[in-house]
Amino acid sequence: MRRIKVVLHTTLDGFVGGPNGEMDWIQLDDEMFDLVGNFTDESDTALYGRVTWEMMDGYWPAAADKPNASKHDIEHSQWYNKVDKVVLSKTMQGKQAGKTTFIADNIAGKIQDLKQLTGKDILIFGSPTALHALMEYNLIDDYWLFVNPIILGNGIPLFANSIDRIKLNHVTTKVFSCGVAGLHYTVEM
């Protein structure tokens, strides 16, 4: 069975975006990009909420074509262009966009069917609303949380109040040179 892996930046106080979705607080370095490159090598599907998908789809398809494209931009752009994308969205229901499928209803059943297909991992980058929906149905297998050394005080919460208890197993912690702590957990079965 395919695994769903969440890759998400968070603040120390548990926010994934500022009050207006701001992400200017996220710190990155090459070592982190390399780790994420390993995640994309192990996956063939990306899962997003509509807002994150629109942001990603507005940047990644042509990111490798820019004259100053970094190694990471080139690699991630190539990955983004070849993988299947699944977007959880009620407002995009019935739409089609290349290798993108939109899911508006029966999320649990359709994502469970997706997990049963032959293939590599399914990655979720960001997408707190999609994350909350999948957590509600206990569909996530791995969490990679990049805890940034900042306290925002308010914003978009990492976890929704409607989530039931989920027991996790700590796999590893990686501290990056930029001060971000990468925490990897798997869901206890």
Side-chain angles (χ1 to χ4, degrees), residues 1-10 16 23 26-49 52-53 55-57 59-64 69-88 97-103 107-135 137-148 158-159 166-178 180-189:
M1 179 152 70
R2 300 168 75 187
R3 297 179 65 77
I4 295 182
K5 181 183 293 183
V6 171
V7 179
L8 189 66
H9 281 270
T10 182
V16 296
M23 295 181 292
I26 293 176
Q27 296 185 32
L28 302 164
D29 64 21
D30 288 337
E31 190 178 17
M32 197 178 306
F33 285 137
D34 290 342
L35 178 62
V36 171
N38 292 338
F39 299 157
T40 57
D41 288 346
E42 299 166 352
S43 67
D44 60 8
T45 305
L47 195 150
Y48 303 106
T52 303
W53 173 74
M55 180 180 65
M56 297 292 197
D57 207 57
Y59 180 78
W60 288 115
S70 68
K71 171 184 167 269
H72 164 71
D73 283 351
I74 293 167
E75 290 172 353
H76 199 81
S77 178
Q78 290 170 344
W79 174 80
Y80 185 86
N81 287 324
K82 74 179 179 185
V83 299
D84 293 321
K85 287 160 276 298
V86 176
V87 179
L88 304 184
K99 295 180 66 113
T100 304
T101 302
F102 298 93
I103 296 176
I107 292 170
K110 290 178 181 175
I111 298 301
Q112 193 64 354
D113 290 346
L114 184 64
K115 288 179 75 169
Q116 298 298 323
L117 295 175
T118 302
K120 296 180 175 183
D121 288 345
I122 301 163
L123 283 181
I124 302 176
F125 287 110
S127 303
T129 303
L131 170 67
H132 296 161
L134 295 183
M135 288 177 74
Y137 301 114
N138 201 23
L139 291 168
I140 297 170
D141 302 291
D142 285 90
Y143 291 86
W144 260 101
L145 303 177
F146 293 102
V147 181
N148 285 251
L158 171 59
F159 301 113
I166 299 172
K167 180 83 170 124
L168 303 174
N169 294 311
H170 177 257
V171 177
T172 189
T173 298
K174 168 84 176 134
V175 179
F176 297 92
S177 59
C178 63
V180 171
L183 308 175
H184 180 202
Y185 293 94
T186 57
V187 174
E188 188 174 285
M189 298 297 166

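Position 1 is the first residue of the sequence; numbering continues from there. These numbers come from a predicted model, not from an experiment.
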Minimum heavy-atom separation for [X] to [Y], with atom names?
| X | Y | value |
| --- | --- | --- |
| His132 | Leu158 | NE2-O, 2.9 Å |
| Ile140 | Met135 | CD1-CG, 3.6 Å |
| Ser43 | Val83 | O-CG1, 4.4 Å |
| Val171 | Thr186 | CG2-CG2, 3.7 Å |
| His9 | Gln27 | CE1-O, 3.6 Å |
| Ala64 | Ala69 | O-CB, 3.9 Å |

How long is the span from the [atom1] atom in [X] to the [atom2] atom in [Y], to the nearest 0.5 Å?
| X | Y | atom1 | atom2 | result |
| --- | --- | --- | --- | --- |
| Met56 | Lys85 | CE | NZ | 11.5 Å |
| Leu117 | Thr45 | CG | OG1 | 8.0 Å |
| Ile124 | Leu134 | CD1 | CG | 4.5 Å |
| Gln78 | Asp73 | CD | CG | 11.0 Å |
| Arg2 | Ile111 | CZ | CD1 | 10.0 Å |
| Lys82 | Thr40 | NZ | OG1 | 8.0 Å |

Once side-chain hydrogen bond (donor to acceptor under 3.5 Å, both in side chains) is applied, do any residues pair with Lys99, and if so which ones, sequence neighbours excluded?
none
Could you list the residues that satisfy side-chain hydrogen bond (donor to acceptor under 3.5 Å, both in side chains) with Lys120, not counting sequence neighbours?
none
With side chain to side chain contact (heavy atoms under 4.5 Å, CB included) as the test, would you mind laying out the steps for Val187 and Leu168 before giving the verdict?
CA-CA 5 Å; Val187 174; Leu168 303 174; 3.9 Å; yes
I would like to know whether Leu183 and Val147 meet side chain to side chain contact (heavy atoms under 4.5 Å, CB included); could you show each step before the answer?
CA-CA 8 Å; Leu183 308 175; Val147 181; 3.7 Å; yes
Would you mind checking if Asp30 and Lys71 are paired as a salt bridge, meaning a charged N to carboxylate O distance below 4.0 Å?
no
Output yes when Asp141 and Lys115 qualify as a salt bridge under the 4.0 Å nitrogen-oxygen rule, no when they do not.
yes
For [X], check ring-ring contact (aromatic ring centres under 6.0 Å, His included) against everything at least two apart and list the hits.
| X | result |
| --- | --- |
| Tyr185 | His170 |
| Tyr137 | none |
| Phe33 | His72 |
| Phe176 | Phe146 |

When the ring planes of Trp144 and His184 are compared, do they come out parallel, tilted or perpendicular, using 30° and 60° as the limits?
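Aromatic pair Trp144/His184 classed parallel.
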Looking at [X] and [Y], would you say the former's side chain and the latter's main chain have a donor-acceptor pair under 3.5 Å?
| X | Y | answer |
| --- | --- | --- |
| Asn148 | Val180 | no |
| Trp60 | Tyr80 | no |
| Asp121 | Leu123 | no |
| Thr100 | Gly98 | no |
| Ser77 | Ile74 | no |
| Ser127 | Gly49 | yes |

Any non-hydrogen side-chain atom of Asp57 less than 4.5 Å from a side-chain atom of Tyr48?
no
Side chain to side chain contact (heavy atoms under 4.5 Å, CB included) for Leu8 and Tyr143? Distances and angles first, verdict last.
CA-CA 8 Å; Leu8 189 66; Tyr143 291 86; over 6 Å; no
